[in-house]
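All values reported here derive from a predicted model rather than from experimental measurement. Below, chains carry the letters A, B, ... as their sequence lines are ordered, and counting in each starts from 1. Values below: all heavy atoms of this structure, side chains included; hydrogens, waters and symmetry mates excluded.
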Amino acid sequence: MKKIFNFEIANILYEMSELYEMENVQFKPRAYRRAAESIEALNENVSDIYSKGGIKALLEISGVGEAIAEHIELLIKTGTFSEYEKFKKKIPVKWDELTSVQGVGPKTIKVLYKKLNVKNLKDLERAAKQGKIKKLKNFGEKTEENILRSINFLSKSKGRFLLGDILPVVLSIEEALKKIPGVSQVTTAGSIRRQQETIGDIDILVTAKNPRKVMDIFVALPEVDTVFGKGKTKTNVILKNGINADIRVLDPESYGSALQYFTGDKNHNIKLRIIAEKKGYKLNEYGLSKGEKKVAGKTEEEIYKKLGMEYIEPELRTDSGEIEASIAGKLPKLISYNSILGDLQMHTKWSDGTSSIKEMALLAKKNGLKYIAITDHTKNLGIASGLDEKELVRHGKEIDKLNKEIKNFRILKSAEINVLKNGGLDIADSALKKLDIVSIAVHSNFKMGKKEMTARVIKAMQNPYVNILFHPTGRVIKQRPSYEIDMDEIIKTAKKYGVALEIDSFSDRLDLNDLNIKKAVDAGVKLVIDTDAHSPSHLSFLNFGVAQARRGWAKKSDILNTLPVDKFLKAIKGLKNKQ
DNA sequence: GCCGTTTTCGGCCCGACTGTTTTCAGTCG
């Protein structure tokens, strides 16, 4: 049996959905899409679920019924199933490639394949360039142009973007829009407001007296590359960095409902509309109404209130329990932005950072922090010129000196100590003892099996001097997946041995992720949020970590470095005594 | 094909925009 990943199963189900759509079959497309979405969102491997509980366990997955469960069983056992094979024979095209082109959907693919034998992106580009598409019935000049433009865009962008890369651009666009006379409100909704790790596109909402003017100015902004559509209320463009951006101009009376509509992810919104319907309302982007009468819409708060719910923070709106908690009045009070007092991971010229300890400290102080820990790498990370025991002593002396020099601020002696292959550390206990905070991380032998890796990290966490486990899963977004590690076991160990887990705010790490944060919070494990800064500009990442914590339902009390330095040190050392 | 404080049968989110059309299908979010 070949191991099949969740995303592979999901992709095949998505494909089935498109295929049924192409055939004009009713409702099946949505059923398959839903099943695909919930499998994509699963934490556990579908193959594991199946091997543990068989078909019965598969039926527990929401959106998976008897038919799809059987398909999945066959996918796990044989890698395919007969309906899928039948479809593939009928239309042997690269679905993922072709559907990634803006404006090309199942119906279009069918026509292009039947008439022009278009099977993949290359065929599509060739057909468009040769002017064959515009000659087809129901196609025209514009369609062909748009296809070419979209292919061109695809080669530039390749999918999703890091929040950290997109946010500065968004802020600059928002600034420009706010300056337009007659514009009252500007908010970017969607995955940016939810502070997702990666962003698919940008949704900007504006209220304004003169929508046309807003649209004219928007499309002329320097950030804009190509205009795909421009209407009175909605305009769609591609920005120069390759991301898609929509802007909508709204009536102030509908601002809240639009904000709600465009902020919640699809599943959150669908569930909310169902709740509205059950209560006799209709909910859409223009408001909440009963019959002809609008009863709410100006603010999001009034919509949730009318539906008998607590207000739900944007970061939680992903249908992962927040709706039920809101109805029950059991939403947590999330940690707020700018509530971190000390940054606990920071690199300097001593290892692989760009700046001195002093420069980092002064900037952190200027940013409003009260303390930092300098965590240069240790000796086994040769590539980052890691420090050995002797250098750590000199490192500490430099910090002592700066602590006398910089007032109302504290620099903690620390290090990012390597977890060796056998679970040992690359710095002797006698040197660890002298540090204020001991943090450990895996930087080598990423390809170990899950059991081995988990045991390795657990052994390191059992060292009596260890306070924090840095970036516990090791993933780098869009670059490399997490190493194989059993986070449930790591969380148990963290609790048992009094180790805090890090939420690394670096924009391509964000490690722990939201799901693991929630697990840790539920288990009563304490967390810290820090930047992993290697240069001064990285200090601005701190709130990405807070956003991640919020998405993981963390409260202020779950995050130790919201405490002043003395209380923080007491609390983190105190974890050890509770064993 | 899935699902149930709308129902084990009969419903499934829905509105904007585009392009190619003379009234709408397809796509998207």
Side-chain angles (χ1 to χ4, degrees), chain A residues 13 16-39 58-72 81 83 98-112 133-147 149-150 189-191 199-205 211 215 227-237 244-250 254 257-258 260-287 289 308 319 324 327:
Chain A
L13 296 178
M16 288 300 292
S17 155
E18 308 273 14
L19 290 161
Y20 277 122
E21 194 140 332
M22 181 185 78
E23 302 280 277
N24 271 325
V25 178
Q26 291 242 292
F27 307 115
K28 284 194 194 187
R30 187 177 311 150
Y32 277 92
R33 203 177 317 128
R34 279 208 180 143
E37 280 166 4
S38 67
I39 283 171
L58 294 180
L59 289 170
E60 297 287 306
I61 302 169
S62 92
V64 175
E66 271 175 48
I68 292 182
E70 276 172 31
H71 293 337
I72 294 173
F81 53 94
E83 281 87 343
L98 293 175
T99 51
S100 66
V101 179
Q102 283 264 328
V104 174
K107 308 280 168 71
T108 309
I109 290 175
K110 186 178 185 182
V111 175
L112 291 174
I133 292 176
K134 64 183 172 201
K135 289 183 191 145
L136 297 172
K137 200 179 159 217
N138 288 328
F139 287 72
E141 195 88 29
K142 287 256 177 146
T143 308
E144 194 169 84
E145 261 175 42
N146 283 339
I147 285 173
R149 209 161 17 175
S150 173
S191 48
I199 304 298
D201 56 20
I202 300 171
D203 286 299
I204 304 169
L205 305 181
M215 296 309 190
V227 181
F228 268 117
K230 182 165 170 258
K232 191 174 66 175
T233 62
K234 182 185 165 183
T235 287
N236 173 232
V237 304
N244 206 311
D246 284 356
I247 182 169
R248 288 176 171 79
V249 180
L250 308 151
S254 303
S257 42
Q260 196 288 314
Y261 183 92
F262 289 108
T263 298
D265 85 345
K266 201 167 33 178
N267 295 329
H268 177 93
N269 286 347
I270 288 174
K271 222 171 204 177
L272 216 62
R273 282 197 285 276
I274 291 169
I275 289 171
E277 210 184 331
K278 282 180 189 162
K279 291 185 182 275
Y281 295 112
K282 184 182 144 97
L283 177 64
N284 60 24
E285 60 263 56
Y286 300 108
S289 43
D319 186 24
E324 293 74 10
I327 292 170

Which of residues 266-284 of chain A have a heavy atom under 4.0 Å from DNA chain B? R273(A), K278(A), K282(A)
Looking across every strand, which nucleic acid part, if any, lies under 4.0 Å from Y32(A) by heavy atom: base, sugar-phosphate, or nothing? sugar-phosphate
Interatomic distance where CG belongs to L59(A) and P belongs to dG1(B) [whole Å]: 14 Å
Would you find a donor on one side and an acceptor on the other, under 3.5 Å apart, between the side chain of E21(A) and the backbone of P29(A)? no
What is the distance from OH of Y261(A) to C1' of dC28(B), rounded to the nearest Å? 10 Å
Taking the nucleotide of DNA chain B with the closest heavy atom to each, which residue, S100(A) or A67(A), is nearer the 5' end? A67(A)
dC9(B) - base-pair partner by Watson-Crick or wobble geometry, distances under 3.5 Å: dG4(B)
Between dG29(B) atom P and R248(A) atom CZ, what is the distance in whole Å? 10 Å
Kindly say if T233(A) contacts the phosphate of dC17(B), meaning a side-chain N or O under 4.0 Å from OP1 or OP2. yes
What is the distance from CG of D203(A) to P of dA16(B), rounded to the nearest Å? 15 Å
Could you tell me whether the side chain of E285(A) and the main chain of Y261(A) form a donor-acceptor pair under 3.5 Å? no
Rounded interatomic separation in angstrom, taking CZ from R30(A) and C1' from dC28(B): 14 Å
Please give, in whole Å, the distance from dA16(B) C1' to L205(A) CG? 14 Å
Tell me whether E145(A) at atom CD has more than 12 heavy atoms from other residues, nucleotides or ligands lying less than 6.0 Å away. yes
Side-chain touch I39(A)/I72(A), heavy atoms, less than 4.5 angstrom: yes
Value in whole Å for how far the C1' atom of dC2(B) lies from OH of Y20(A): 13 Å
Checking all strands, does R34(A) fall into the base, sugar-phosphate, or nothing category for heavy-atom contacts under 4.0 angstrom? sugar-phosphate
Specify the separation, in whole Å, of atom CG of L13(A) and atom C1' of dG1(B). 11 Å
Taking only the P atom of each, what is the distance from dC13(B) to dC3(B) in whole angstrom? 13 Å
Atom pair NZ/CG of K110(A) and L98(A) - distance to nearest 0.5 Å: 15.5 Å
N or O in side chain of Y286(A) less than 4.0 angstrom from dA16(B) OP1/OP2: yes
What does the B/S/- profile of nucleotides 18-27 of chain B look like, 5' to 3', with a 4.0 Å heavy-atom cutoff to protein? SSSS----SS
